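Written below as structure tokens is the structure these notes are about.
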Amino acid sequence: MLDIRWMRENREALAEAMRRLYAEDAPWERALELDEQRRKLLAQVEALRAERNTGSKRIGELYREGRAEEASALKERMREIGDQIAQLEEELRRVEEAFHEAMLRIPNIPEPDVPVAPDEAGNVVVKEWGEPRAFDFPPRPHWELAEALDIIDFERGVKIAGSRFYVLKGAGARLQRALINWFLDVHIHEHGYIEVYPPFMVRTHCMVGTGNLPKFADTLYRDAEEDYWLIPTAEVPVTNLHREEILEPGTLPRYYVAATPCFRREKVSAGKDVRGIKRVHQFEKVEMVKFVEPHTGREELESLTRNAEELVERLELPYRRVEIATGDLSFVAAKKYDIEVWAPGCQEWLEVSSCSLFRDFQARRANIRYRPGEGARPEYVYTLNGSGLALPRMIIAVLENYQQADGSVVVPEVLRPYMGGVEVIR
RNA sequence: GGAGGGAUGGCCGAGUGGACGAAGGCGGUAGUCUUGAAAACUACUGUGGCGUCAUGCCACCGGGGGUUCGAAUCCCUCUCCCUCCGCCA
């Protein structure tokens, strides 16, 4: 959510930002109109309430002084004021609801240096690392490798739960576990993150806090009877860890990391990437979440992104960093980098991490504040998050990059201690 | 799933219709005293909104709704917590 005061005072900058985002349908003008109505009504209601407060106090006094007749006359007038208040309050309630609804549908404003373009074609490769491996045989896609090695069972996944589900088996399941544990260990012991194990189901208000609702309900799974939503990423429960809190001085920055399943309906991409495990309804992800002071936001985004990149580097996988253009930026992000690993089998760049700076956009929605100093007024924190890293895709990357001519797969060196010393999956 | 009890400021806790934004205590901050510290004493100590920016007004006692001239207090409802029973990893 944006700051309404800023919006009022910077109407031109706001309009410009929405143009840069190619989000001219965002209801920002409506929000500003409703805000004006709202303040007008509020002034009226509050003036009447002030009158009623003093009047009601006076009634009490009159009774105590035994002047019952004057009291009941005043009572009559207060009743009329009460009716007026009720009427105006009803109107105010409607306006405020509409105002709030509009505010929730206005996207975050991009950082000034984000490349401007209407869609992902405008994304910019800002960095490349490693050389794609030269194969002396045609590299196979992961679904062929995994099936031959009997480490992913696609058919039975579908039998149990339908398309876009799979079963990891034997060394496949263990490889996933090894990756998760190694990722966590690096973040915890080397990057200063605190591990958390959060709920995988959350209430509506948490989804609103991170910006998944109200706009993206059709991408989420939910309980049919109770107010529970399955998380599409650990970002949701972990960011909401501090919702409605004021963090005391000296407790920022806070870095958290969580390995959780993620559940996504993938309705919008029906028919896309149906082979293999690139796009599925349930997957594991290690997610990093930061709560920081505003002035450190940009450098925290860089170090967060580096925390993810370092893992790919130590796995010796070629990757590139892509800066996301305005038109491709997610609703809540002010700036975002994707990390893409080269998959020689499918011959494509796989997005294995998304690192975003949200500034105070989520903090306003979830009401997460901090005190800049002892006794100072609370301010909104900045939040950031990034995958570190996303699982099924990292399995793809390892299988396809480390495959050998005979279909076996070499286990990357850093993972061997996590695989019981196994050097080759065959 | 059943029965009962509860939710008040950073924390504890009083408050069953009007002088309550809320007693008292703890904690915190500042001052007095002291070489310094402790103790004692004194003062201050929530959040947000609107602004004719005035020592101004409004809202907030778990959330929402109702009764009333007036609600922390009465009624309804939801959420959460605790105790006991049942079930269970």
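The basis for the numbers below is simple: all heavy atoms, side chains too, and nothing from hydrogens, waters or symmetry mates. In this text the structure is predicted, and so the values were computed from the model without any measurement. Chain letters run A, B, ... following the sequence lines, proteins first, then strands; residues in each count from 1.
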Q: Please identify each residue that fulfils side-chain hydrogen bond (donor to acceptor under 3.5 Å, both in side chains) with A:R20, with sequence neighbours left out.
A: none

Q. Looking at A:R8 and A:E36, does any basic side-chain N land under 4.0 Å from a carboxylate oxygen?
A. no

Q | Residue met sooner reading RNA chain B from 5', once A:E61 and A:R49 are mapped to nucleotides | A | A:E61

**Q.** Euclidean distance for C1', B:G1 against B:G65 (whole angstrom)
**A.** 29 Å

(Q) Considering every strand and a 4.0 Å limit on heavy-atom distances, what is the contact class for A:R77: base, sugar-phosphate, or nothing? (A) nothing

Q: Sticking with atom C1', work out how far B:C61 lies from B:U52, rounded to a whole angstrom.
A: 32 Å

Q: For A:N53, report the nucleic acid contact type (base, sugar-phosphate, nothing); a contact means any heavy atom under 4.0 Å.
A: sugar-phosphate

Q.
Going by purine N1 to pyrimidine N3 plus the second Watson-Crick contact, or the G-U wobble pair, all under 3.5 Å, which nucleotide sits opposite B:U55?
A. none

**Q.** Given RNA chain B, 5'-ward residue of the pair A:Y228 and A:T54, judged by closest heavy atom
**A.** A:T54

Q) Rounded to the nearest Å, what distance is computed from the NE2 atom of residue A:H205 to the P atom of nucleotide B:G62? A) 18 Å

Q) Which pairs with one or both residues in residues 184-203 of chain A pass salt bridge (charged side-chain N to carboxylate O under 4.0 Å, His left out), sequence neighbours excluded? A) A:E190-A:R314

Q.
Closer than 4.0 angstrom, basic N to acidic O: yes or no for A:E287 and A:K285?
A. yes

Q) What string of B, S and - do you get for nucleotides 45-56 of chain B, 5' to 3', when a contact is any protein heavy atom under 4.0 Å? A) --SSBSS-----

Anything under 3.5 Å between a protein N or O and an N or O of nucleotides 69-73 of chain B, put it in a table, one pair a line.
residue	atom	partner	partner atom	Å
B:C69	OP1	A:R79	NH1	2.4
B:C69	OP2	A:R79	NH1	3.0
B:C69	O4'	A:K75	O	3.4
B:C69	O2'	A:S56	OG	3.2
B:G70	O4'	A:S56	OG	3.1

Q: In plain terms, say whether A:R306 and A:E309 are close enough for a salt bridge, that is, a side-chain N and a carboxylate O under 4.0 Å apart.
A: yes

Donor-acceptor pairs are to be reported for all side-chain atoms of residues 381-403 of chain A against protein atoms at under 3.5 Å, with residues two or more places apart or in another chain.
residue	atom	partner	partner atom	Å
A:T383	OG1	A:Q362	OE1	2.8
A:N385	ND2	A:E235	OE1	3.3
A:N385	ND2	A:E235	OE2	3.2
A:S387	OG	A:S354	N	3.1
A:R393	NE	A:K278	O	3.0
A:R393	NH1	A:E351	O	3.0
A:R393	NH2	A:K278	O	3.1
A:E400	OE1	A:G345	N	2.8
A:E400	OE1	A:C346	N	2.9
A:E400	OE2	A:H142	N	2.7
A:E400	OE2	A:H142	ND1	3.0
A:N401	ND2	A:W342	O	2.9
A:N401	ND2	A:A397	O	2.8
A:Y402	OH	A:L315	O	2.5
A:Q403	OE1	A:R140	N	2.9
A:Q403	NE2	A:R140	O	3.0
A:Q403	NE2	A:E400	O	2.9

Q.
Between A:E70 and A:R67 (salt bridge meaning N to carboxylate O under 4.0 Å), is one present in this structure?
A. yes

Q.
I'd like the C1' distance from B:U32 over to B:A39, given in whole Å.
A. 13 Å

Q | Within residues 93-102 of chain A, residues whose heavy atoms come under 4.0 Å of RNA chain B | A | none

